[in-house]
Amino acid sequence: MGDRQRDGYVLTQDAELIDLDRVHRWLSVESYWATGRERDVIERSIAGSRPYAALHDGTQVAFARAVTDGATFAWVCDVFVDEAHRGRGLGTWLVDSIVEDLTEAGVPRILLATRDAQEVYARSGFTVLDAGGRFMEIDRRPTRAAILGLS
């Protein structure tokens, strides 16, 4: 993917442009799903993924990543838009761009998880998992209760 531009924003996959301090704060402090996530874990997660950053005037204002084998499966995660830039469609643009890139790469199955933004992701073509009962997991995250809305 080359950089995309829209309304003064630039969307890039250039990992060199990711503001790791900002992403760490967003995820470990401001998100419900990654509260307390260590910086080194975030660095490793980015290194093992396809990261995306949205920039405005050279400052990162949004982030997401796709974990994928590049052939059969991808998981979109850690979607975060800075509060000052919410309500402008950046999250949808970010996710739509990821889906487009994965589709062009031939990846037929893309998943994500959300506690409260199903309507947002439905605009990008996501539906509730039909085979949810077939999926199993081992979940040792300390934020599990918050992610599931149990706290």
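This chain uses plain numbering: 1 for the first residue, then up along the sequence.
The two residues Asp69 and Ala71 come nearest to each other via the heavy atoms OD1-N, 2.8 Å. Gln118 and Asp116 get closest at one heavy-atom pair: OE1-C, 3.4 Å. Taking every heavy atom of both residues into account, Ala74 and Leu102 meet most closely at CB-CD1, 3.5 Å. Of all the heavy atoms in Gln13 and Asp101, the pair that sits closest is OE1-OD2, 3.9 Å. The nearest pair of heavy atoms linking Ile42 to His24 is CD1-CD2, 3.4 Å.
Here Ile98 contributes atom CD1 and Leu11 contributes atom CG; the two are 7.5 Å apart, rounded to the nearest 0.5 Å.
Between Arg37 and Asp78 a salt bridge is recorded (basic side-chain N to carboxylate O distance below 4.0 Å). With respect to the salt-bridge test (charged N to carboxylate O, under 4.0 angstrom), the residues Glu119 and Arg123 do not qualify. Ion pair Asp40/Arg44 flagged as a salt bridge, since at least one NZ, NE, NH1 or NH2 atom sits closer than 4.0 Å to an Asp/Glu carboxylate oxygen.
Proximity of Phe80 to Val23: side-chain heavy atoms (C-beta onward) are nowhere separated by under 4.5 Å. Using a 4.5 Å cut-off on side-chain heavy atoms (C-beta onward), Leu17 and Gln60 make no contact.
Linking Ile, Leu, Val, Met, Phe, Trp and Tyr whenever their side-chain heavy atoms come within less than 4.5 Å leaves Val29 and Tyr32 in two separate clusters. Trp75 and Val107 fall into different hydrophobic clusters, where Ile, Leu, Val, Met, Phe, Trp and Tyr are joined by side-chain heavy atoms under 4.5 Å apart, directly or via other members. Put simply, Val95 and Val128 are part of two different groups of oily side chains (I, L, V, M, F, W, Y) that touch within less than 4.5 Å, one to the next. In the hydrophobic cluster analysis, where Ile, Leu, Val, Met, Phe, Trp and Tyr join through side-chain heavy atoms closer than 4.5 angstrom, Phe126 is grouped together with Val79. The hydrophobic clustering, which links ILVMFWY residues whose side-chain heavy atoms are closer than 4.5 Å, places Tyr121 and Tyr52 together.
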Which pairs of donor and acceptor atoms, one on a side chain in residues 84-94, lie under 3.5 Å apart (sequence neighbours left out)?
unit_1: His85; atom_1: ND1; unit_2: Tyr9; atom_2: OH; d: 2.8
unit_1: His85; atom_1: ND1; unit_2: Arg88; atom_2: NH1; d: 3.4
unit_1: Arg86; atom_1: NE; unit_2: Val81; atom_2: O; d: 2.7
unit_1: Arg86; atom_1: NH2; unit_2: Val81; atom_2: O; d: 3.1
unit_1: Arg88; atom_1: NH1; unit_2: Tyr9; atom_2: OH; d: 2.7
unit_1: Arg88; atom_1: NH2; unit_2: Ala84; atom_2: O; d: 3.3

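Residue-environment remark: CD (Glu83) stays at or below the threshold of 12 foreign heavy atoms within 6.0 Å. The number of heavy atoms from other shown groups lying within 6.0 Å of CD (Glu137) is above 12.
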- Message: Let's go through Asp82 and His56 carefully: what are the C-alpha distance in whole Å and the side-chain angles of both, what is the deciding distance for side chain to side chain contact (heavy atoms under 4.5 Å, CB included) to 0.1 Å, and is it a yes or a no?
- Response: CA-CA 11 Å; Asp82 186 80; His56 186 262; over 6 Å; no
- Task: Might you work through the side chain to side chain contact (heavy atoms under 4.5 Å, CB included) test for Ile46 and Phe63, ending with a clear yes or no?
- Result: CA-CA 10 Å; Ile46 291 170; Phe63 174 79; 3.7 Å; yes
- Message: Could you walk me through whether Leu20 and Glu43 satisfy the side chain to side chain contact (heavy atoms under 4.5 Å, CB included) test, starting with their C-alpha distance in whole Å, then the side-chain angles of each, then the deciding distance to 0.1 Å, before giving a yes or no?
- Response: CA-CA 7 Å; Leu20 194 55; Glu43 285 183 58; 2.9 Å; yes
- Item | side chain to side chain contact (heavy atoms under 4.5 Å, CB included) evaluation trace for Arg65 with Cys77 | CA-CA 6 Å; Arg65 63 190 180 95; Cys77 54; 3.5 Å; yes
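A donor-acceptor pair under 3.5 Å is absent between the side-chain atoms of Gln5 and the main chain of Asp7, judged by distance alone. When atom types are taken as modelled, the side chain of Thr68 and the backbone of Gly70 share a donor-acceptor pair closer than 3.5 angstrom. Checking side-chain atoms of Thr59 against main-chain N and O of Leu55 turns up no donor-acceptor pair under 3.5 Å. At least one donor-acceptor pair closer than 3.5 Å links the side chain of Thr143 to the backbone N or O of Trp33.
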